[in-house]
2 protein chains.
Amino acid sequence: MSKEQTRARLLDAAERLFAENGFDGTSLRTITSAADANLAAVNYHFQSKEGLIAAVFSRRIEPLNQERITRLDQAIRAAAPAPPDLEDILRAFLLPTLRLRGTADGLEAGHFLQLLGRVFSDPGSIKAVVLSQFRPTAQRFLEVLSQALPQLPRPELLWRLHFLIGSLAHAHAAGELIRLMSAGACDPDDGEGVLQHLTTFAAAGFRAPHTRPAPQKASMVNP
Amino acid sequence: MSKEQTRARLLDAAERLFAENGFDGTSLRTITSAADANLAAVNYHFQSKEGLIAAVFSRRIEPLNQERITRLDQAIRAAAPAPPDLEDILRAFLLPTLRLRGTADGLEAGHFLQLLGRVFSDPGSIKAVVLSQFRPTAQRFLEVLSQALPQLPRPELLWRLHFLIGSLAHAHAAGELIRLMSAGACDPDDGEGVLQHLTTFAAAGFRAPHTRPAPQKASMVNP
DNA sequence: GTCTATATGGGGATAGAC
DNA sequence: GTCTATCCCCATATAGAC
């Protein structure tokens, strides 16, 4: 068994098992037997369990960022010199992840989406790694969004971007829950459908007039 | 030390520690020493760790549901015989959780929000307990939303409700991350501010015209 | 009801042979 | 590079004294 093959099998098995049972819920013993590898192989290839977790994320995040930026640049060029349509910006952001569901190699990558959706709310230390890799891309999108919606104050734009990320993360991480709660009416595996629904919803949300300082009712804390 | 006091201290400590370190990341030893109780007390009061987790949720969820329904009924009565404003429906749903931040007894309950936001994407078996307690309330809101937006097909309405839940869960569970990513411009502890921003965003999203079957571009899978 | 002590099992990591 | 065997730690749960 070659070195690279073992490494890849470990990553695939870890990705799937972490998605299904969580990081703490998956032992190295479970991973290595699923990957037909030896227990010590994890420490040889990734130094530690934390190293393995970080590697599971890094392997997918870099291509994901690249595809997002490529599609964003395409949208910018196609619309130049005007700013691109809001919908096209959103699609450039959403499509690269949603596309991972239901495609050929997506059989593996689908598990990764669950992890990615969960990472924002996870208590562990993985957030730092993922966030540092995600930040430049988010910053880039923020700038372009800001040009497309120049009347929106920056904090409001930030909140709306977070709501978008939350909706996307929820669709990824809680897919089976959504299927269950909707009694099958919502299919989280239909990436194209989710893309359509989320783009429509979020585009309208982003275009909403900006929030007024607060209505003249009493404070909500003591209504 | 009375029985009820010990029970309550265990729940408080567990709530905080689970929020900070996750369920698997928190041992019964850590909980019992934080609560100044004996290790065996957990098994005496809650039978098992799972029982403790379930109790942490049940204690908060029931009042939360009641407040949501009460506010929804108020909005319905105030607007009768017309359906209530979309914004009022959304506020009835959002306010009871967001209000838990920054209020007096909210010092404890704030930790609960993190848990609640995380539970949808957690790999464990807690989902089932929480979902079963949440479902009737969600169903009720769905009906009222459906009356306020009669032109929206049911699946689209369901998706939009899931996007709302995702945004809310993200604001709760990833609060510190949002603060960090926005370099302080977004304050997740300002419940009233989050309520304003999210209501504006989501109301516009819910009001968007319903998604058309699909644009006549090529499939997104092979663009 | 509360405590101490312990049973029982599993975890991550590593040393050293091959 | 890969494997076996093992070290050492900590978890949940319970039995039985107080």
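Source: prediction; values computed, not measured. Order of the sequence lines sets the chain letters (A, B, ...), proteins ahead of strands, with each chain counted from 1.
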Can you tell me which residue pairs pass the ring pair (Phe, Tyr, Trp, His ring centres under 6.0 Å) test with a partner in residues 32-63 of chain B, sequence neighbours excluded?
B:F57-B:F112
Nearest whole Å is fine: how far is C:dT2 P from B:Y44 OH?
7 Å
Could I get a table of every N or O pair under 3.5 Å where one atom is in the protein and the other is in nucleotides 16-18 of chain D?
none

So the ring pair (Phe, Tyr, Trp, His ring centres under 6.0 Å) pairs with at least one residue in residues 165-192 of chain A (sequence neighbours excluded) are A:H170-B:F120
Nucleotide N/O to protein N/O under 3.5 Å, stretch nucleotides 12-14 of chain C:
residue: C:dG12; atom: OP1; partner: A:K49; partner atom: NZ; Å: 2.8
residue: C:dG12; atom: OP2; partner: A:L28; partner atom: N; Å: 2.8
residue: C:dG12; atom: N7; partner: A:R29; partner atom: NH1; Å: 2.9
residue: C:dG12; atom: O6; partner: A:R29; partner atom: NH2; Å: 3.1
residue: C:dA13; atom: OP2; partner: A:K49; partner atom: N; Å: 3.0

Rounded to whole Å, the CZ-P distance (A:R7 to D:dT2) equals 12 Å
In whole angstroms, how far is the C1' atom of D:dG1 from the CZ atom of A:F46?
14 Å
Rounded distance [0.5 Å steps], CZ in A:R140 versus CZ in A:R68:
13.5 Å
For the residue pair B:W159 and A:H197, categorise the inter-ring angle as parallel (less than 30°), tilted (30 to 60°) or perpendicular (more than 60°).
parallel
Which residues share a salt bridge (charged side-chain N to carboxylate O under 4.0 Å, His left out) with A:E50, sequence neighbours left out
none
Which heavy atom in A:P123 sits nearest to a heavy atom in B:E20, and how many Å separate them?
CB-O, 3.7 Å
Atom pair CD1/CZ of B:I126 and B:R118 - distance to nearest 0.5 Å:
10.5 Å
Less than 4.0 angstrom between a side-chain N/O of B:H45 and OP1 or OP2 of C:dG1, yes or no?
no
Spacing between B:L52 atom CG and D:dA13 atom P, to the nearest angstrom:
10 Å
D:dG1, OP1 or OP2 - any side-chain N/O from A:T6 closer than 4.0 Å?
no
Among all residues two or more places apart in sequence or in another chain, which pass the salt bridge (charged side-chain N to carboxylate O under 4.0 Å, His left out) test with B:D12?
B:R59
